[in-house]
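Per chain, numbering begins at 1; letters A, B, ... match sequence-line order.
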Amino acid sequence: MQVMLGEVGAQTAQLEIADANLGALDTSLRAFKSNLQDADLEKAVTELVSRQTVYQAAMLSTSRIMGMSLADYLR
Amino acid sequence: MTAVTAETAAPITVASEVLGPIPVAPDQIVAFADGLYGFPGATRFALLPTPRDGVFWLQSIEFSALVFLLVDPFMVFPKFHIELTESDKARLGTANAEDILVLSIVTMPPEPTQPCTANLHAPLMFNARAGQGYQSIRPDDAFGIREEFIL
């Protein structure tokens, strides 16, 4: 019985992740298709980033500080 | 990495509905043997850098409309950490942290003024050396499926 409940739980988790994946795909496509017809890689990302310019400067400085490698976090 | 012939080392052109036709080098191709959750048939992706550090595209090679934006969770979530499980090691074929890349799928907000979210509970894990990846589901609830951040 416990094994069965575990399987149901695992399947529920997988459905939730599938739902999240679908949502991520949907919103990303809509975000880009709304105003990017023939965007190249750089333009697409520039557009993406400029959507939140208010926070961009702060984030950039943060991400530069966070120059740690995965090995620093894996334990 | 095994030796590659001149033929296999040549870039291929991948169709992408978002990015247009894009050149993809062989070492940018990642095999997802089991696909992603919800997309079990998508088994080959191109992992492409963007001008932004820690931000990547994951474009399906088989399906032009299937493209995800990925973010390095270590960069945007200072508290993020991950413990390698035996399952991770088996799926990735390595326990060497230097070879392992962890990236989270980004969900864009409905309104530009709202934050993006990243899936920290089910991050993608890559064996960068072998060109293999899989979507893990972390065994604990330390981090959620929709964690807000500013891109």
For B/Ala65 and A/Leu25, which heavy atoms make the closest approach, and how far apart are they? O-CD1, 3.5 Å
If you compare all heavy atoms of B/Thr107 against all heavy atoms of A/Gly23, which two are closest, and at what distance to 0.1 Å? CG2-O, 4.2 Å
Which atoms of B/Leu36 come close to chain A, meaning under 4.5 Å heavy atom to heavy atom: side chain ones, backbone ones, both, or neither? both
Look up atom CD1 in B/Ile145 and atom CD in A/Glu16, then write down how far apart they are to the nearest 0.5 Å. 4.5 Å
Do side-chain atoms of A/Asn21 reach the backbone of B/Tyr37 as a donor and acceptor pair under 3.5 angstrom? yes
Do A/Leu22 and B/Leu124 belong to the same hydrophobic cluster, where Ile, Leu, Val, Met, Phe, Trp and Tyr are linked whenever their side-chain heavy atoms lie under 4.5 Å apart, directly or via other members? yes
Within one Ile-Leu-Val-Met-Phe-Trp-Tyr cluster: B/Ile137 and B/Phe80, side-chain cutoff 4.5 Å: no
So if you build clusters from Ile, Leu, Val, Met, Phe, Trp, Tyr with side-chain heavy-atom gaps below 4.5 Å, do B/Tyr134 and A/Leu15 land together? no
A/Ile17, B/Val106: one ILVMFWY side-chain cluster at the under-4.5 Å cut-off? no
For a quick test of reading the model, state the closest non-hydrogen atom pair linking B/Asn119 to A/Ala20 and the distance between them. ND2-CB, 4.0 Å
